[in-house]
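Below is one structure, written out as structure tokens; the observations come after it.
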2 protein chains.
Amino acid sequence: MSTVNSRLHTILRIYYRAFSMSDTLNGQDGRHAADHAYRLIRDEILSGKRTGGDWLREGELADSIGVSRTPVREALRRLTAEGLLTYERNKGVQVKGWDVADLDEIFSLRTVLEPWGCSLAAERGTVDTDQLDDLAHRMDALVVDGHPADLDRLTELNNRFHRAILDGSGNTRLATVLASVVQVPIVWRTFAHYNPESLRRSLAHHHELVTALRAHDGEWAQSVMCSHIKSAWHSIREQSGA
Amino acid sequence: MSTVNSRLHTILRIYYRAFSMSDTLNGQDGRHAADHAYRLIRDEILSGKRTGGDWLREGELADSIGVSRTPVREALRRLTAEGLLTYERNKGVQVKGWDVADLDEIFSLRTVLEPWGCSLAAERGTVDTDQLDDLAHRMDALVVDGHPADLDRLTELNNRFHRAILDGSGNTRLATVLASVVQVPIVWRTFAHYNPESLRRSLAHHHELVTALRAHDGEWAQSVMCSHIKSAWHSIREQSGA
DNA sequence: CCGCTAGATGTTGCATACAACGAGGGGTTT
DNA sequence: AAACCCCTCGTTGTATGCAACATCTAGCGG
């Protein structure tokens, strides 16, 4: 039975590969099995298709992706290192679950780190504030009547905004560290929990941040960023019924 | 030739395994190839045997460790994720080099995070201060005439001291994040750069930290920790000729 | 009826073979 | 002589077979 299954799966994999040849050329490096697996599995986790506590079977993933277990294992190890999965020897990996306590940990860390990085960026003046301004305006456009039109797009722009500031801090490790910590709440779909008032406030913060950064005023930028994050934290906690 | 080499290596590997059977039982889980490889390679990097820029060949490592390339690859990916190696597709990994700028990044991050975590720990009062006190005294004992007697041991005790405080902060991610950032300067062998005065000061800080933590005075603990780290930073920079 | 053990089954861990890629060298062409 | 191409060789990337381990169940004995 096991052998039959294995053969069947191999056949399916070859089929899959034959039909997915076409879209391997548009993806930047989708032809590399390990990266491909990484991205697909990661997306399934972040999109909520695989939810907290689910076991991920190497064989099953390999078949559904259309590669062998080797690159899948590599992807799983990578996701484990990034904190999205928990790993138990000889048992496999499962999607890490999180609760309000995790959210608090993450946001209290952000409350310390992002304002600090923001003040560094303001004082160094190395941030592309025009790009930042552009991002802020594009986010404005995605919100109608205090409600987000396209959550995914809004989240992506917001991430780029924050990321750009951190990159301007001059401390590359700061951005890395925060990225590793922040990705979990992406699952939470932050903006989904904003009421119209907090959403408008959040957008206003972005514009104020641009101004403070342009003024090279570290303390101003720092305190706006602090408010920005505390406000987000509050919105999510409130909506999560905590 | 390649085949001959491969066979020779396999023979050597079997030999190695036969002779190293004895010490697989004392190590807690040294019998697991991937973990074993991870630890050995990591030690070689941290001990300075493999220095910045060195290429690590999967085959070579596999043979020297006595396992196949599969677990070695896993170890290398893990070390890459931890930031000790850099990885280039189809080319392999090389030991990451670092310079004074990296040191500055790390210490400025520590200057923000550790005092913060320390103040949290003080206010929560969940740190085992007796253990901390014990560690501090054992470190005292390892220093004679302002000079460290056993650098490795001293470093290990110091790491445990700092780790215990972070664990008491109640923010598990804080400890994780700092651990991932701090391991690079271990290579620097921090205490090797201390002059007698800074070393004595550092030891005194530890005792003051214990007192501040016992007093549940967050601000006190925070400021001592801040001094402690700035002092370390200064010592290293001075000795590195920066 | 309960507990326990042994085997069946499914999953992960590791070794190995082979494919794919990249760097370097020798030969040819201009 | 310089530029280019092709071929070789070493290395990494992937697939696959088998071993080791964990879990579950059937069968046995208490």
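Throughout, a chain's letter reflects where its sequence line sits, starting with A, and its residues are numbered from 1.
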Would you kindly give the CD-to-P distance between A:E74 and C:dG13, to the nearest whole Å? 15 Å

For a quick test of reading the model: is some side-chain N or O of A:Y87 closer than 4.0 Å to OP1 or OP2 of C:dT11? no

Can you check the A:L85 CG to C:dT12 P distance for me, whole Å? 12 Å

Distances under 3.5 Å between nitrogen or oxygen atoms of protein and nucleotides 21-23 of chain D:
residue: D:dC21; atom: O3'; partner: A:N90; partner atom: ND2; Å: 3.4
residue: D:dT23; atom: OP1; partner: A:K91; partner atom: NZ; Å: 3.3

A:G168 versus A:T126, closest heavy-atom pair with distance: O-OG1, 2.8 Å

If each of B:L56 and A:P71 is mapped to the nucleotide of DNA chain D with the nearest heavy atom, which maps nearer the 5' terminus, i.e. the 5' end? B:L56

With sequence neighbours excluded, what pairs up with A:R77 under the side chain to side chain donor-acceptor pair (under 3.5 Å) test? A:Y87, B:E74

Identify, with sequence neighbours excluded, every residue that meets side chain to side chain donor-acceptor pair (under 3.5 Å) alongside A:T70. none

Could you work out, with side chain to side chain donor-acceptor pair (under 3.5 Å) as the rule, every residue matching A:S108, not counting sequence neighbours? B:N171

Could I get the full list of side chain to side chain donor-acceptor pair (under 3.5 Å) partners for B:T51, not counting sequence neighbours? none

Between atom CG in B:D63 and atom P in C:dC14, what is the gap in whole Å? 17 Å

To the nearest Å, give me how far apart CD (A:E58) and P (D:dA20) are. 18 Å

Check the orientation of A:H206 and A:F161. Use parallel for under 30°, tilted for 30 to 60°, and perpendicular for over 60°. tilted

To the nearest angstrom, the CZ-P distance between B:R73 and D:dT11 comes to 14 Å

Tell me every residue that passes ring pair (Phe, Tyr, Trp, His ring centres under 6.0 Å) with A:Y38, counting only those two or more places apart in sequence or in another chain. none

Nearest whole angstrom, please: distance from the P of C:dC14 to the CD1 of B:I65. 12 Å

Return no unless some side-chain N or O of B:R69 is found under 4.0 Å from OP1 or OP2 of C:dT16. no

For the pair made of CZ in B:R57 and C1' in D:dG13, what is the distance, rounded to whole Å? 15 Å

Rounded to whole angstroms, how far apart are CG on A:D35 and C1' on D:dT12? 13 Å

Examine C:dA15: is either OP1 or OP2 under 4.0 Å from a nitrogen or oxygen in the side chain of B:S68? Give yes or no. yes

